[in-house]
Amino acid sequence: MPEREIKSWLTDMDGVLVHEGTALPGAADFVKRLRDKDVPFLILTNNSIFTARDLRARLSASGIEVPEDAIWTSALATAQFLHEQIPGGSAYAIGEAGLTTALYQAGYTLTESDPDYVVLGETRTYSFEAITKAIRLIQGGSRFIATNPDVTGPSQEGPLPATGSVAAMITAATGRKPYFVGKPNPILFRSALNRIGAHSEVTAMIGDRMDTDVMGGLEAGLHTFLVLTGSTRSDEVQDHPFRPNQVVDSIADLVDLV
Ligand SMILES: O=C(CO)COP(=O)(O)O
Ligand SMILES: [Mg+2]
């Protein structure tokens, strides 16, 4: 049992609720319990590929029913961050609808011509041409932003290369490191807590990665649960200088805590 009462929940998506488009055992029950008991919650994902509307549909197709406004992605947080930094700015974006739509909705112009920012997001179709353009723009002075530092993402077949790995390639070519807006950045956690009106003292974070979900939750003052259905094996927890409050096999073990 947690040492403190949990009144609101932030939960990661890939590796906790789903593997790509397949729901993990207990995920649908966990979310249904939250909604039936009207418990404040938010799905907090570093996956910047999809819009919240698309993610709602994908989760529904896997049997997990959540409203669109219960989903907060690293793409949405990145667009909000850039709007606060340079309102009405411009960006060269590598990513999919989740990122480009969020940037447009934040009032940004997408361009290859002297953009304020190069924004790297998640995609399954990174192109050599696009990465080359990004490298040249960064060398020309555009600021380098990435939606999330995850070097891999989980799937049923095994790890998938992710934004953090591609960012490392661009860093190697330019000598510039990106500013990552997604987990573990406190910006994502603070914006998430604000969206559900929750206080860190009584909020839990459920994740599958130590370097994003658990680190970010820990630093935000949340109670942290690590599940073993995603990117972290139980014997890997000790490789990190910090640990979650609790390690559980899967989200099915947390249903009765709601
Ligand atoms: O998509 C991701 C990295 O590829 C991570 O997504 P989550 O933050 O939902 O685990
Ligand atoms: Mg995850």
Side-chain angles (χ1 to χ4, degrees), residues 9-27 30-31 41-52 54-56 58-59 62 64 66 70-78 94-99 102 119-126 146-169 178 180-189 191-192 204-220 222 224-233 236-237 240 244 247-251 254:
W9 294 81
L10 301 180
T11 178
D12 175 48
M13 185 182 72
D14 285 336
V16 174
L17 299 177
V18 294
H19 274 167
E20 294 279 285
T22 305
L24 289 162
F30 180 77
V31 172
F41 78 98
L42 198 65
I43 295 175
L44 190 56
T45 178
N46 268 1
N47 187 318
S48 56
I49 296 176
F50 305 102
T51 64
D54 293 347
L55 281 179
R56 188 213 62 77
R58 283 170 63 89
L59 290 168
S62 73
I64 301 172
V66 295
I71 300 170
W72 187 237
T73 76
S74 63
L76 291 168
T78 297
I94 297 179
E96 301 195 28
L99 176 58
V119 185
L120 177 67
E122 195 90 44
T123 176
R124 296 285 181 264
T125 58
Y126 287 108
T147 58
N148 58 301
D150 308 62
V151 290
T152 60
S155 80
Q156 298 280 60
E157 297 73 36
L160 296 163
T163 309
S165 295
V166 179
M169 181 195 335
F180 292 106
V181 178
K183 298 173 287 188
N185 192 322
I187 288 177
L188 196 71
F189 285 89
S191 58
M205 172 69 195
I206 310 166
D208 69 298
R209 286 193 73 98
M210 290 290 288
D211 56 354
T212 57
D213 305 313
V214 173
M215 182 190 286
L218 181 78
E219 293 178 353
L222 310 183
T224 53
F225 292 97
L226 176 76
V227 298
L228 300 176
T229 47
S231 301
T232 309
R233 296 192 316 271
E236 291 176 315
V237 175
H240 298 266
V247 179
V248 295
D249 288 333
S250 80
I251 195 157
L254 302 178

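As the structure lists them, so they are numbered: ligands from 1, and atoms in each ligand from 1. Every heavy atom of this structure was used, including side-chain atoms; hydrogens, water molecules and symmetry mates were not.
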Would you check the N or O atoms of D14, main chain and side chain alike, for any that come under 3.5 Å of an N or O of ligand 1?
yes

Lys/Arg N to Asp/Glu carboxylate O, D12 vs R209, below 4.0 Å
no

#### Entry: Stepwise side-chain contact (heavy atoms from CB on, under 4.5 Å) test for I43 and L59
CA-CA 11 Å; I43 295 175; L59 290 168; 3.9 Å; yes

The side chain to side chain contact (heavy atoms under 4.5 Å, CB included) partners of E219 (sequence neighbours excluded) come to M215

Atoms of type N, O or S from protein under 2.8 Å of the Mg ion (ligand 2), total 3

Sorted by chain and residue number, the salt bridge (Lys or Arg N to Asp or Glu O under 4.0 Å) partners of D14 (sequence neighbours excluded) come out as none

Of all protein heavy atoms, the one nearest atom 5 (C) of ligand 1 is D150 OD2, 3.6 Å

| task | Output yes when the distance from some N or O of ligand 1 to some N or O of N46 is under 3.5 Å, and no in every other case. | result | yes

of all protein heavy atoms, closest to atom 9 (O) of ligand 1 is T45 OG1, 2.6 Å

re atom 7 (P) of ligand 1, the protein heavy-atom contact at minimum distance is D12 OD1, 2.8 Å

Would you check the N or O atoms of M13, main chain and side chain alike, for any that come under 3.5 Å of an N or O of ligand 1?
yes

If you scan protein heavy atoms around atom 4 (O) of ligand 1, the nearest is E122 OE2, 3.1 Å

task: Please confirm whether N148 comes within less than 3.5 Å of ligand 1 when only nitrogen or oxygen atoms on both sides are compared.
output: no

Rounded to the nearest 0.5 Å, the NE2 atom of H19 sits from the CG atom of D208 at a distance of 7.0 Å

Logged contact type for R209 with ligand 1, heavy-atom cut-off 4.0 Å, is neither

Q: Would you mind reporting whether S74 and V181 have side-chain heavy atoms less than 4.5 Å apart?
A: no

Residues at least two apart in sequence or cross-chain that pass ring pair (Phe, Tyr, Trp, His ring centres under 6.0 Å) with F30, listed by chain then number, are W9

With N46 as partner, the option from D213, T73, L188 fulfilling side chain to side chain contact (heavy atoms under 4.5 Å, CB included) is L188

